[in-house]
Engineer: 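Quick one: the structure is below, and I'll ask about it shortly.
Order of the sequence lines fixes the chain letters, A, B, ..., with proteins taken first and strands second; residue numbering starts at 1 for each chain.
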Number of protein chains: 2
Amino acid sequence: MTSEPAPTRARRSDATRAAILRAARERFAADGYDRSTIRAIAAEARIDPSMVMRYYGSKEGLFAAAAEFDLRLPALAELPREQLGELLVRHFLDRWEGDETLAALVRTATTSPGAAERMRAIFAEQLTAAMAGLADPTEAPRRAGLVASQILGLALTRYIIRLPPVVDLDPAELVAWVAPTVQRYLTGPTPASA
Amino acid sequence: MTSEPAPTRARRSDATRAAILRAARERFAADGYDRSTIRAIAAEARIDPSMVMRYYGSKEGLFAAAAEFDLRLPALAELPREQLGELLVRHFLDRWEGDETLAALVRTATTSPGAAERMRAIFAEQLTAAMAGLADPTEAPRRAGLVASQILGLALTRYIIRLPPVVDLDPAELVAWVAPTVQRYLTGPTPASA
DNA sequence: GTCTATAATTCGATAGAC
DNA sequence: GTCTATCGAATTATAGAC
């Protein structure tokens, strides 16, 4: 009951802040950082452009606030080891289609160094953390990187570039094809020549 | 010997055109379409910005000219079937590190619809053509799409976002890890649930 | 807390001299 | 064939009225 600071009354500005953030995520996701203008974001949030500056300081500050993202990965070591690929691919597909922030990040990370750094942090920290206790610590980062290469490639071709054959696959087919790849990157043997 | 129009004398402007194209590829590859300015491209080519307009009409026209790309894929059906994954991953790594145009395309395809269309065309046409006679024609596009998802994911994480574990892998290790994935997408059995 | 007005840049594109 | 000068539009960001 006292877990919240219990503001004497809900500030009216909270709704505005949230509306700005929602609009920002939508515009950044659809157009990327450069093509998204503060004016367009404000228009979508139905507020004045200057409010964006007031609340977030600058366009970069707004993006930083909009680009917070939790992959919500479970601890992989506690799941059935032979189903990890399937579970992980399914989890990412759900996460991707339920929150457009990830698409915004990918779009932006290709041109903005700041967003690329955020992307590196998200995958390095969250994915590596989720893999704790799963693989040899020396190899864990490498395996996480390989998983990221397939997962992000799937996102790029399905949600960003929209390559027709990848778009047309339904989630079950996608899982069936891609899960073995992720499974091998996670738990497969280290190749001889590596 | 008569395969070329044999211009009476080499036009001086050819060198300028080539310099512009080279600079454009470099800027587009480094910064993407939006952040690349005609002024910056002209400065890098050490010519006047108005020359860019004169030769290519507009910024979009310049990009279209700079984004021509041949993956130079061999006919896969004529190669040893069980080495296709390895050969293809190696080919793409070489192609990617030898020509920055591909990186420019990926960077730009994430924000520019025109560049995304170009990307779809390149992978749909060239990759599907290279796979002629390799797989059931009904399944070929799907398999090509899956290959693209892994190859483009590799490019995204290694050359664009620069995820440290993926950057640190040397080409031989990368081939050893990723080739089996591509091999399965190309020649593996269709999964049961698909 | 919200909006108007505008400053300060920057860019793509054009016109025209040489 | 190359360059100077500049237009017109769009942007981020600021100052200040209400």
Side-chain angles (χ1 to χ4, degrees), chain A residues 5 7-67 104 107-108 111-115, chain B residues 5 7-67 104 107-108 111-115:
Chain A
T8 42
R9 64 180 175 277
R11 280 172 298 166
R12 198 171 356 179
S13 64
D14 287 349
T16 304
R17 293 187 80 100
I20 293 173
L21 221 50
R22 208 176 327 120
R25 290 206 169 101
E26 202 156 320
R27 298 319 307 156
F28 284 140
D31 301 331
Y33 183 84
D34 293 307
R35 285 176 132 90
S36 300
T37 67
I38 289 183
R39 287 165 147 85
I41 290 167
E44 188 157 319
R46 315 193 53 142
I47 49 95
D48 192 88
S50 65
M51 300 305 296
V52 177
M53 301 301 298
R54 177 174 179 84
Y55 288 138
Y56 295 99
S58 69
K59 187 180 176 182
E60 283 221 1
L62 174 60
F63 181 79
R107 240 181 253 276
T108 310
T111 51
S112 155
Chain B
T8 42
R9 63 180 178 279
R11 280 173 299 166
R12 199 172 356 177
S13 63
D14 288 348
T16 304
R17 292 187 82 98
I20 292 174
L21 222 50
R22 209 177 324 123
R25 290 206 169 101
E26 203 156 321
R27 298 317 308 156
F28 285 138
D31 301 331
Y33 184 83
D34 293 308
R35 285 176 131 89
S36 300
T37 67
I38 290 184
R39 288 167 150 86
I41 291 168
E44 187 158 318
R46 315 194 52 141
I47 50 95
D48 191 89
S50 66
M51 300 305 297
V52 177
M53 300 300 298
R54 178 173 180 84
Y55 288 139
Y56 294 99
S58 69
K59 188 180 176 182
E60 282 222 0
L62 173 60
F63 180 79
R107 240 180 253 275
T108 310
T111 51
S112 157

Engineer: How close or far is atom P of D/dA13 from atom OH of A/Tyr55, stated in whole angstroms?
Structural biologist: 18 Å
Engineer: Could you tell me the separation between the CG atom of B/Asp48 and the C1' atom of D/dA5, rounded to a whole number of Å?
Structural biologist: 11 Å
Engineer: Given 3.5 Å as the limit, does a donor-acceptor pair link the side chain of B/Tyr55 with the main chain of B/Leu62, or not?
Structural biologist: no
Engineer: Mind listing the closest non-hydrogen atom pair of A/Ala42 and A/Val52 along with its distance?
Structural biologist: CB-CG2, 4.3 Å
Engineer: C/dT2 P sits how many Å from A/Arg46 CZ, rounded?
Structural biologist: 15 Å
Engineer: List for me each residue that meets salt bridge (charged side-chain N to carboxylate O under 4.0 Å, His left out) alongside A/Arg35, sequence neighbours excluded, and say none if there are none.
Structural biologist: B/Asp34
Engineer: Rounded to whole Å, please give me the gap between CZ in B/Arg35 and P in C/dT10.
Structural biologist: 14 Å
Engineer: Considering all heavy atoms of both residues, which atom of A/Gly32 and which atom of A/Ser36 are nearest to each other, and what is their separation?
Structural biologist: O-OG, 2.6 Å
Engineer: Rounded to the Å, how far apart are B/Met51 CE and D/dC3 C1'?
Structural biologist: 9 Å
Engineer: Report the distance from atom CD1 of B/Ile47 to atom C1' of D/dG1, rounded to the nearest whole Å.
Structural biologist: 12 Å
Engineer: Between protein and nucleotides 12-18 of chain C, map the contacts as a letter string: B base, S sugar-phosphate only, - none, heavy atoms under 4.0 Å, written 5' to 3'.
Structural biologist: BSB----
Engineer: Determine all donor-acceptor pairs shorter than 3.5 Å in which one atom belongs to a side chain in residues 21-31 of chain A; sequence neighbours excluded.
Structural biologist:
| residue | atom | partner | partner atom | Å |
| --- | --- | --- | --- | --- |
| A/Arg25 | NE | A/Ala66 | O | 2.9 |
| A/Arg25 | NE | A/Thr101 | OG1 | 3.1 |
| A/Arg27 | NH2 | A/Asp31 | OD2 | 2.5 |

Engineer: What are the two closest heavy atoms between A/Thr108 and A/Ala115, and how far apart are they?
Structural biologist: CG2-CB, 3.6 Å
Engineer: Specify the separation, in whole Å, of atom CG of A/Leu62 and atom P of D/dT11.
Structural biologist: 15 Å
